[in-house]
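Have a look at the structure below before the remarks.
Scope of the values below: all heavy atoms of this structure, side chains included, with no hydrogens, waters or symmetry mates. So that the names make sense, note that chain A is the first sequence line, chain B the second, and so on, each numbered from 1.
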Amino acid sequence: MSLLLLFLSAAIVNNFVLTYFLGICPFVGVSKRVSSAVSMGMAVMFVMTITAAVTWLIYHLLLVPFKIEILEYVSFILVIASLVQLVEMFIKKMSKPLYDTLGIYLPLITTNCAILGLALFSVLREYSFIESLVFGIGAGAGFTLALVLMAGIREELELSNVPKPFKGAGITMIVAGSLALAFMGFAGLI
Amino acid sequence: MEMTTLFIAIASMGGLGLLFSAGLSVAEKKLHVEEDHRIAKIIEELPGANCGGCSYPGCAKFAEVVVAGEAEINGCPVSDDEARKAIGEILGVDVESGEKQIARLMCQGGNFETAKKAHYAGIKSCLGASVFGGGEKMCEYACLGFGECVEACTFDAMYMNDNGLPVIIEDKCTGCRKCAEVCPQNIIEMHPESHKLFVFCKNLDGAKTARKVCLKACLACGICVRNVEEGQMEMKDNLAQVNYNGFGKEAKLPTDKCPTDCLAVVGKPVIDEPAEKVEA
């Protein structure tokens with residue numbers, strides 16, 4: 001039960017993008033089409049889940065015993081960067097069009113603060129291995145949810161009559177703000 | 001104590017790095033994607049400045065697109081003929097057809113020729129003026145005169161003259177289209193270098209309005225069309241158009257017949273002396 005709550009908390013109530021405002025760059029950059037938003041969400045979810053597991057192992061089996069917790073940032077970034085390389089190779093092999101659609105945002109997952117944030121949060125909150133795994137999946141699901149919601153709205157926006165000064169980035173920011181406001185409404189539920 | 005921590009740190013991080021790189025190199029073997037070897041060769045021939053003049057993000061992407069056949073070999077405005085020939089050889093294509101393109105301003109309505117409808121005091125940019133009521137000139141098709149194109153030019157091939165119109169220096173123009181893209185009025189057009197005869201006007205109004213808003217507007221009187229052979233020029237939407245396919249080098253150019261000088265040959269100064277100012 002507590003694991004389910006943890007999942008829901010990471011995915012919805014404490015959504016990384018819309019509550020903590022982490023990972024805004026791909027949130028704005030890859031939310032033009034629902035299909036590419038889903039793929040991006042999946043890629044991030046994969047990286048987040050594996051990151052959560054591997055960083056837990058590294059932290060508790062390597063950094064803590066040797067008392068070098070100070071190196072958590074370095075080692076976490078190392079994990080994330082390697083994982084992103086792996087995902088990039090995989091996507092390039094499996095689907096070249098998808099690789100082209102994601103473009104620069106795929107390697108940029110490396111510097112996506114949501115993922116480093118996830119690893120650091122699970123250390124801070126002293127999660128167990130299973131908990132941090134669930135936390136990673138939940139955060140990834142939340143990221144995907146936010147991205148897909150945004151993409152759905154932006155697809156509709158293209159057909160609607162947006163006032164000229166708000167066209168493009170302006171209306172995107174307003175929509176993102178409204179979405180964040182809506183998600184703030186969940187605060188305190190869990 | 002500190003020294004051991006240092007060694008542990010170096011060893012653990014180095015070990016992790018080695019571990020991950022080993023994993024990645026295995027993955028690279030398994031997931032290797034065969035890339036067209038021509039792409040790497042073409043990248044070598046390109047200038048490598050990643051200027052974006054081709055409208056693709058960087059030279060590598062351009063090479064990829066050229067190999068895919070989605071872009072012209074001469075799509076890179078910066079590369080010279082030699083580089084283009086080399087790329088053509090790599091692809092086994094002849095690159096003779098690509099004539100140099102030059103940007104041309106299709107408007108002669110400077111501050112002296114056009115009447116003003118208002119005094120514009122908004123932000124000093126063409127885009128700003130075009131959003132806000134189309135600038136201060138009566139002619140809604142005219143050059144807005146804030147020089148956004150000059151700012152966009154990365155080759156110093158443009159400057160604003162005293163008449164408030166941008167001038168394009170043919171020798172320096174690389175045909176990168178940047179000026180044409182930023183112009184909100186769409187009055188900068190790309191034309192092959194050999195095209196010299198133009199109707200320097202984009203005004204689609206009828207003769208009465210066109211005459212009122214600008215001294216050098218095309219009135220759609222049709223005298224040019226009557227003075228050339230069939231098919232060399234035509235009248236469309238109140239604007240004379242030159243049909244370049246039908247124009248031989250020796251064709252008699254009807255420029256002196258044009259009552260407003262909007263049909264002109266490039267090379268001749270756009271404005272000899274300020275014409276009399278029009279009354280608004």
**OP:** Among A/Leu83, A/Val79, A/Ile70, single out the residue with the greatest number of heavy-atom pairs under 4.5 Å to chain B.
**Re:** A/Val79
Short donor-acceptor contacts under 3.5 Å linking chain B with chain A:
unit_1, atom_1, unit_2, atom_2, d
B/His32, O, A/Lys93, NZ, 3.3

Subject >> Over all atoms of both residues, closest heavy-atom pair of B/Ala9 and A/Leu71 >> reply: CB-CD1, 3.4 Å
**OP:** Provide the closest heavy-atom pair for B/Leu24 versus A/Leu86 in the form atom of the first, atom of the second, distance.
**Re:** CD2-N, 3.9 Å
Original post:
What are the two closest non-hydrogen atoms of B/Phe20 and A/Ile58, and how far apart are they?
Top reply: CZ-CD1, 4.3 Å
Original post:
Around A/Phe129, counting heavy atoms of other residues, nucleotides and ligands shown, do more than 12 lie under 6.0 Å from its CZ?
Top reply: yes
**OP:** Please state whether the side chain, the backbone, both or neither of A/Leu78 comes within less than 4.5 Å of a heavy atom of chain B.
**Re:** both
Original post:
When you look at CZ of A/Phe90, are more than 12 heavy atoms from neighbouring residues, nucleotides or ligands closer to it than 6.0 Å?
Top reply: no
Original post:
Would a 4.5 Å heavy-atom cut-off, applied to side chains only, mark B/Leu16 and A/Val74 as touching?
Top reply: no
